[in-house]
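The structure presented is a predicted model; accordingly, all values stated were derived computationally and were not measured. Just so you know, ligand 1 is whichever comes first in the structure, and atom 1 is the first atom listed for that ligand.
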Amino acid sequence: QGTLGALARLVVPRVADWCFVELLSPDGRIEHAAIHHSDPQRVAWARDLLARYPIDPDAPYGTPQVLRTGKAELVPEFPPEAYEMVARDEAHLEALRASGFRSHLSLPLQVRGRTVGVLSLVSAESGRRFGPDDLTFGTDLAHRAALAIDNARLYEAERQARELAEVANRSKSEFLSVMSHELRTPLNAIAGYTELIEMGVHGPVTPAQTEALLRIQRSQRHLLGLIDDVLNYARLEAGATRYTFEDVPVEQILGATEALVAPQLRAKGLRLEAGCDPALTVRADPEKVRQILLNLLGNAIKFTDRGGLITVECAPRDDLVAISVSDTGIGISPERLESIFEPFVQVDARLTRTEEGVGLGLAISRNLARGMGPGADLTVNSTPGTGSTFTLTLPLVSHRDTEAQR
Ligand code: ADP
């Protein structure tokens, strides 16, 4: 609308006394997208006239004809009988005569081979007569106007599609969030009652029953882990995650995390080598960093065969600290490298089916990482058959700050 207005102001009054732009609506109606004259009262008059005597879509001249044929129409001078031909009744004839319309040039607005509207230049009080030169100029103008209309429509279509997608995405996040929240309550009840039975509160428990209770508990924890993943992810999507930032030595976070995965490492016969400069301090939410590292270490353990090695290293990199978790596992093919950060993506579902996880771990971890300041990120490098390295970067607390803290 803005472009059409600008176009109309460009030609009126320099080239024409009037400028009309008519566009074909999706249901085939002719819409008056712009009517311009240097006198706003004349514009109001024209709008009123067009409202009372709408364009006849079957007329063998003017806008309907140009729309049908896609060809420009040039009338250097309206013949005296023209008004009588066009007028619907006496009042219409009167109005047309009073209009002083003298010459007109109607040009098709064509977008990708289709005529989507008409640009009309009309002369009246200036007495100007349009000729072949005006036709050349007008054709170029109409071409540019059509491009602008096409761009505006594409932009609008894209905006609407994005809005729809965002609404759908929000509904999905809300659904995930409500569902996972509701599922937690009965799951916690299962854990509680299992514990009571195990403690013998309801009578003696046989060894076979104890074994069954252990399985129930393991499944309960597994399910709770999955639901927590979904809940975490939904929170991140909704932007509802809160960060509590602190200056923390990387070594401190790593120590706590390694202790948590020690049993899994032992069970799978994997070695862990970790080394970190105690002077390296990051500005981050330690709880979130721990969650990310647990996910990375958990994956490294999951996807590395018995006897393998997992290495954790940290190094300063400009104003960041890079914490890397490397494994000697199965690796990830180059074409899947970026998609593993998408929600619900697992490279080979068969491999993970027996384990915890729904393919949300890395999506959550990368989101959490990116929420911890500029430059904070989670990236990956991998060679299939050799191993993978996941690198978490976090803002480094400047040296001076570190000194001051000490
Ligand atoms: P999940 O919790 O299901 O493992 P993630 O988002 O943590 O989901 O990981 C997504 C997928 O990325 C995994 O299913 C696996 O295919 C691949 N992946 C992640 N870490 C590694 C790794 N260290 N080695 C090989 N593949 C990995």
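For ligand 1, the atoms lying closer than 4.0 Å to a non-hydrogen atom of G359 are 1 (P), 2 (O), 3 (O), 6 (O), 8 (O). Which parts of ligand 1 touch K302 is read off a 4.0 Å heavy-atom cut-off, strictly below it: atoms 1 (P), 2 (O), 4 (O). Within the listing of ligand 1, atoms 5 (P), 6 (O), 7 (O), 8 (O) sit less than 4.0 angstrom from a heavy atom of G361. When each atom of ligand 1 is checked for a heavy atom of I332 under 4.0 Å away, the hits are 25 (C), 26 (N), 27 (C). Remark: ligand 1 atoms within the under-4.0 Å shell around heavy atoms of N295 are 7 (O).
Salt bridge annotation for R162-E166: absent, with no cationic side-chain nitrogen under 4.0 angstrom from a carboxylate oxygen. Between K71 and E73 there is no salt bridge, since none of the side-chain N atoms of the basic residue sits less than 4.0 Å from a carboxylate O of the acidic one.
Nearest residue to atom 6 (O) of ligand 1 from V345, I340, L362, V380 is L362 (criterion: closest heavy atom).
For the pair D327 and ligand 1, the shortest N or O to N or O distance falls below 3.5 Å.
Using modelled atom types and a 3.5 Å distance limit, the side chains of D89 and Y53 yield a donor-acceptor pair.
A cation-pi contact, defined as under 6.0 Å to the ring centre and within 45° of the axis, links R366 to F341.
With a 4.0 Å cut-off on non-hydrogen atoms, F341 does not touch ligand 1 at all.
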With a cut-off of 3.5 Å and sequence neighbours excluded, list every side-chain donor-acceptor pair involving residues 192-206.
residue, atom, partner, partner atom, Å
T194, OG1, I190, O, 2.2
E198, OE1, Q217, NE2, 3.0
T206, OG1, Q209, N, 3.1
T206, OG1, Q209, OE1, 3.4

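The stretch residues 127-141 participates, sequence neighbours left out, in these salt bridge (Lys or Arg N to Asp or Glu O under 4.0 Å) pairs: E77-R129, R128-D134, D140-R144.
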